[in-house]
Amino acid sequence: MARPARVVIDLAAARSNLALVRRLAPHSRVMAVVKADAYGHGLVRMARAFAGADAFGVACVEEAMGLRDAGVAAPIVLLEGAFCAGEIATIRRARLETVVHRPDQIEMLARAGGGEPVRVWVKVDSGMHRLGFAPAQVRTVAARLCALPAVARPLRFMTQLASAYTPGAPSVAAQLQAYDRATAGSEGEHSIANSAGIAAWPDTHRDWVRPGLMLYGGAPLAGRSAADLGLRAVMTLRSELIAVKHVAAGARIGYGGTWTCPQAMPIGIVAMGYGDGYPRHAPSGTPALVNGTRVPIIGKSSMDMLCVDLRACPAAVVGDPVVLWGADLAVDEIAAGAGTVAYELMCGVQARARYEEHDGGQG
Ligand SMILES: *Cc1c(COP(=O)(O)O)cnc(C)c1O
């Protein structure tokens, strides 16, 4: 039998999460963010699952063309815009929409001349200090873009929130105020909210919302679980026990022997490791589910394997199912234990762990 490591994708959960976004932001259109291979879930698969979205957001032309080549006809927005002038022709031909966040991207459009105009989103740096024009520059940038034959009018405007996942973060109001001032009087649609904005900050909803994490069932807000918000895990990382053994008190487990058995006990070896995307930094004690029972992992995960303490399920045998994260074990909990975020764990899943999808459940 093949190595049992699997990434199981629940399409019904994905649709249910999109429906929840619609309920939370009923007056906004939804740009489903599918960059980074749809946060590790599979670009085309997830675009199909989110077929009801009004647009898709991606990080680059290659991702956008992956969607167009698969027959996705919906609007697609390049969230970082063109990386070089050579991409403008593709943007036009494939009818992509593009962010403009830097002066030379304006020049690329200026040199493109007439023809079918491109839909442009002006990125405003309202305080995150990553991409975008400073608020004081926005009016000048907008005027220049509006004068270009290659640019569709009206423009659209967007910004990104730095700390919306923190309840009550004062920076959210400050960013909103900076954004509203910068764009006041400019005709066009607006987009501010990512998942955290959608979940907790209704003032940020505007014409378009841009959910990523929450569509996949990750928790967008600090201190609140995904389940609490009504989100369902789309990805389950699962495998099986490939060995069960009984070891003596004092036995040390795995590379470096970082975990010592306090008593004679059963342990299980799981076909799952950092070569599949399971975080090496998950400490001993990080939970996994063996036959649905929570057990702690013990020792360091290695490339292909990790070990679990089977004292809580002594009847476990080779071939029993093991869930590393998913529907009944929030990826956010594993991420917190490993000192990272659900985004990184989802994106880090490797194609070696075979993907399967199902469309069962409610949704
Ligand atoms: C990735 C991204 C999003 C989605 O953010 P989530 O926190 O995953 O909801 C939204 N907007 C932009 C510009 C992004 O780059």
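Atoms within each ligand, like the ligands themselves, are counted from 1 in listed order. Both backbone and side-chain heavy atoms feed into the values below; hydrogens, waters and symmetry mates do not.
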Step through it carefully: locate the ring centre of Tyr343, locate the ring centre of Tyr216, and say whether they are under 6.0 Å apart. no

Assess whether a salt bridge exists between Glu116 and Arg92, defined as any Lys/Arg side-chain N lying under 4.0 Å from an Asp/Glu carboxylate O. no

Do Leu213 and ligand 1 have an N or O pair less than 3.5 Å apart? yes

Starting from atom 8 (O) of ligand 1, locate the nearest protein heavy atom and write down its residue, its atom name and how far away it is, to 0.1 Å. Tyr39 OH, 2.6 Å

For atom 7 (O) of ligand 1, the closest protein heavy atom turns out to be Tyr343 OH, 2.6 Å

Heavy-atom count check: over 12 atoms from other residues, nucleotides or ligands less than 6.0 Å from Arg311 CZ? yes

Could you say whether the N/O atoms of Lys35 and ligand 1 ever approach to under 3.5 Å? yes

Heavy-atom nearest neighbour in the protein, as seen from atom 9 (O) of ligand 1, with distance rounded to 0.1 Å: Ser195 OG, 2.5 Å

Any nitrogen or oxygen of Met214, side chain or backbone, less than 3.5 Å from one on ligand 1? no

Report, as yes or no, whether the 6.0 Å neighbourhood of atom CD on Glu107 holds more than 12 heavy atoms from other residues, nucleotides or ligands. yes

Check whether any N or O atom of Lys123, backbone or side chain, sits under 3.5 Å from an N or O atom of ligand 1, and answer yes or no. no

Give the residue and atom name of whichever protein heavy atom lies nearest to atom 10 (C) of ligand 1, and the separation in Å to one decimal. Arg210 O, 3.4 Å

Heavy atoms of other groups near Arg352 CZ, more than 12 under 6.0 Å: yes

Do Asp125 side-chain atoms and Gly127 backbone N/O form a donor-acceptor pair below 3.5 Å? yes

When you measure from the side chain of Gln105 to the backbone of Glu80, do you find a donor-acceptor pair of N or O atoms at a distance under 3.5 Å? yes

Non-hydrogen atoms of Tyr165 versus ligand 1: any pair closer than 4.0 Å? no

I want to confirm something. Looking only at heavy atoms, which of Gln160, Met346, His101, Glu80 is nearest to atom 12 (C) of ligand 1? Gln160

